[in-house]
Amino acid sequence: MKKFINNKVYNTETAQLIREYWNGREKDDDFYHLERLYKTENGDMFLYYTGGKYTEYEGHEDIIPLEPCDVCNWLERIARTEAIERYFVDVLGEELAGAIYISAQPLD
């Protein structure tokens, strides 16, 4: 999918896929849910999403640009803390990235 937003091009074919969340359902399922986080050559990040009619996406697909804090929140929500450390240590600082990693670990 390709979309122009605020004079920038967001293209799932040319951007780097960072992480994906998929709920395991087939595409024709009404509860199908897929989100993919991408990074452009310029370093901009965006989320591609699609879902069945009974998901928050109500059968639609779209692309939305994300700010670094939104990306961190999304990664933390899907428990991908290693990606936070990889892509945001320079933004967050090592101490804060480590704290996010610790807070996202499952409890015994």
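This one's a predicted model, so the numbers in the text were calculated from it and none came from an experiment. What you see below is based on every heavy atom in this structure, not just the backbone, and it leaves out hydrogens, waters and symmetry mates.
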Hydrophobic cluster identity match, [X] and [Y], side-chain contacts under 4.5 Å:
X	Y	value
Ile64	Phe4	no
Tyr49	Tyr54	no
Val9	Tyr48	no

Q | Backbone N/O of Pro65 and side chain of Asp44: donor-acceptor pair under 3.5 Å | A | no

Kindly compute the distance separating [atom1] ([X]) from [atom2] ([Y]), expressed to the nearest 0.5 Å.
X	Y	atom1	atom2	result
Trp22	Glu35	CH2	CD	14.0 Å
Leu66	Trp74	CG	CH2	9.0 Å
Ile63	Thr50	CD1	OG1	11.5 Å
Phe46	Met1	CZ	CE	10.0 Å
Asn11	Glu41	CG	CD	10.5 Å

Is any side-chain heavy atom of [X] less than 4.5 Å from a side-chain heavy atom of [Y]?
X	Y	value
Ile18	Met45	yes
Tyr32	Thr55	no
Glu61	Leu34	no

Q: Step by step, work out the side-chain contact (heavy atoms from CB on, under 4.5 Å) result for Leu17 and Arg36.
A: CA-CA 7 Å; Leu17 178 63; Arg36 289 184 176 145; 3.7 Å; yes

Q | Audit row: Thr14, Lys2, side-chain contact (heavy atoms from CB on, under 4.5 Å) steps and yes/no | A | CA-CA 9 Å; Thr14 59; Lys2 185 176 182 179; over 6 Å; no

Q: Could you go through the side-chain contact (heavy atoms from CB on, under 4.5 Å) check for Tyr10 and Thr40 one step at a time?
A: CA-CA 7 Å; Tyr10 298 92; Thr40 68; 4.2 Å; yes

Q: Mind telling me whether His33 and Tyr21 have parallel, tilted or perpendicular rings, with 30° and 60° as the class edges?
A: perpendicular

